[in-house]
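All remarks here apply to the structure that follows.
Each ligand, and each atom within it, is numbered from 1 in the order the structure gives. Keep in mind it's a predicted model, so treat the numbers as computed, not measured.
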Amino acid sequence: MSSGFFGDIAPIVYEGPESESELAYRHYNPDEILLGKRMEDHLRFAVCYWHNFVWPGSDPFGGQTFERPWFGDSMAQAKQKADVAFDMFTTLGVPYYCFHDADVRPEGADFRENTRNLEEIVDYFAQKMEQTGRKLLWGTANLFSHRRYMSGAATNPDPDIFAFAAATVKTCMDATHKLNGENYVLWGGREGYETLLNTHIGQELDQLGRFLNLVVEYKHKIGFKGAILIEPKPQEPTKHQYDFDVAHVYGFLKRYGLEGEVRVNIEQGHAILAGHSFEHELALANALGIFGSIDMNRNDYQSGWDTDQFPNNVPEMALAYYHVLQGGGFDTGGTNFDAKLRRQSLEPDDLLMAHVGAMDCCARGLKAAAKMLEDGALSSFVDERYSGWAQKDAKKMLDGGFTLDEIADYVEAENLNPEPKSGRQEMLENRLNRYV
Ligand code: XLS
Ligand code: NI
Ligand code: NI
């Protein structure tokens, strides 16, 4: 049954690039085949619960701008919110959604009440998923909003808060498992510190390492088949976040013996905050074998915080999906829009238009990426550039077959005097621009 929130808007469909409708897809054509696979199955879009249905439109200088009938603390409002959310998923034709526990259930007085509230909503979600055919990309626990977490969750100096957070994650993993979620995400919102004057870094890292091991052990205990994903972010809310970027997360996983168990959920805006490009983070995660999923959004390039805007830059999307496809595409992961409206965008259909534009932008990027891959537009040059390493002696050098002094002898014997070769950056940039 429709919630009525979006009026009588019909399901949004692909109309092609010539369409003049604000509520139609010009590029996102779910059934179009790219590289032998449907576009919908490549992109695996998800709508996030928090920005769309929970965030009130506040900024540091002003409070709520959105007036939504479901804002409040009752279970009835939580269910109304779910009705609207599932309406939006189906109107957009987005197959997946994502949520934190605190997004979907009223806040209880204690752990027990939180758990009861979550279980009631999970049952409600299960019915809605059955009715609408929508699926859960990932679930997660909000371990950063409540004041108990102000000094961290897993990395809190107080072991009781560690325990409360661990118990909460257990309930959220149970919820995700019950709803057949395809991943479980941990973004360490307050796993970091403000000042070293009051912080014991080594102790906090060991706590975080143990916490993550507990999560992995529990995943196997309950037979959860999805991936466990860490979402890196360099700062905000804490000044120094432990999961700074993909490279930091990899080092952390290695140290705590989890590199084969945990992968990463890479967010566009977080990559920029870390001083990287999105494609750098994606390519590195592929190279390290820990790529999992994407939180898609964009940051304002002038401000130094996480503005979580909807993506609208096609060349950036093309490079992002190029790296996703090069790594073999998503398996359990997908494209979750971790993005929110600007606080002046008050109308219900602003929510729809934001996603329509973002999905089209991603679809254009994907189409360009698939074509570049098919044509070998970039890879032909890169392959050729590294082709010397396929030669016998070069291989031996890489595999440890030569010592340093043997290499020196070899250089002398062969009288090696190599000439540098052009990296052709401008040519490759021009090629990329021909595809977008
Ligand atoms: C915040 C994060 C958050 C995670 C889920 O910056 O992006 O929204 O995706 O906890
Ligand atoms: Ni995110
Ligand atoms: Ni974010």
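- Using a cutoff of 4.0 Å between basic side-chain nitrogens and carboxylate oxygens, D375 and R431 are not scored as salt-bridged.
- Y124 carries K79 over the face of its six-membered ring, with the cationic atom under 6.0 Å from the centre and within 45° of the normal.
- Shortest contact from atom 2 (C) of ligand 1 to any protein heavy atom: E231 OE2, 3.3 Å.
- The ring of Y14 has its center no closer than 6.0 angstrom to the ring center of Y28.
- H100 pairs with exactly one of W50, F53, Y49 by the ring pair (Phe, Tyr, Trp, His ring centres under 6.0 Å) rule, that one being W50.
- A salt bridge links D174 with K170: the distance from a Lys NZ or Arg NE/NH1/NH2 to an Asp or Glu carboxylate oxygen falls below 4.0 Å.
- Here D306 reaches the Ni ion (ligand 3): one of its N/O/S atoms is less than 2.8 Å from the metal.
- The existence of a salt bridge linking E429 and R424 is excluded, since no basic side-chain nitrogen approaches an acidic carboxylate oxygen closer than 4.0 Å.
- Listed by number with element, the atoms of ligand 1 under 4.0 Å from a non-hydrogen atom of D306 are 6 (O).
- Neither the backbone nor the side chain of E236 has any atom closer than 4.0 Å to an atom of ligand 1 (non-hydrogen atoms only).
- Residue D338 approaches the Ni ion (ligand 2) most closely through its N/O/S atom OD2.
- In summary, E231 places an N/O/S atom under 2.8 Å from the Ni ion (ligand 2), meeting the contact criterion.
- A salt bridge links K254 with E259: the distance from a Lys NZ or Arg NE/NH1/NH2 to an Asp or Glu carboxylate oxygen falls below 4.0 Å.
- For the pair OD2 of D295 and OE1 of E267, the angle at the Ni ion (ligand 2) is about 100°; rounding is to 10 degrees.
- Classification of R44 and D331 as a salt-bridged pair fails, no side-chain N sitting under 4.0 Å from a carboxylate O.
- The distance from ligand 1 to the heavy atoms of K233 drops below 4.0 Å at these ligand atoms: 1 (C), 6 (O).
- Close approach to D295 involves these atoms of ligand 1, each under 4.0 Å from a residue heavy atom: 9 (O).
- Residue-ligand proximity, H100 to ligand 1, at heavy-atom distances under 4.0 Å covers atoms 5 (C), 10 (O).
- Considering only non-hydrogen protein atoms, atom 8 (O) of ligand 1 sits nearest to D338 OD2, 2.9 Å.
- Of all N/O/S atoms in H270, NE2 sits nearest the Ni ion (ligand 3).
- In terms of polar-atom proximity, W187 is not counted as a contact of ligand 1, lacking any N or O under 3.5 Å from an N or O of the ligand.
- Comment: D101 engages R105 in a salt bridge, judged by a side-chain N to carboxylate O separation of less than 4.0 angstrom.
- In terms of polar-atom proximity, H51 is not counted as a contact of ligand 1, lacking any N or O under 3.5 Å from an N or O of the ligand.
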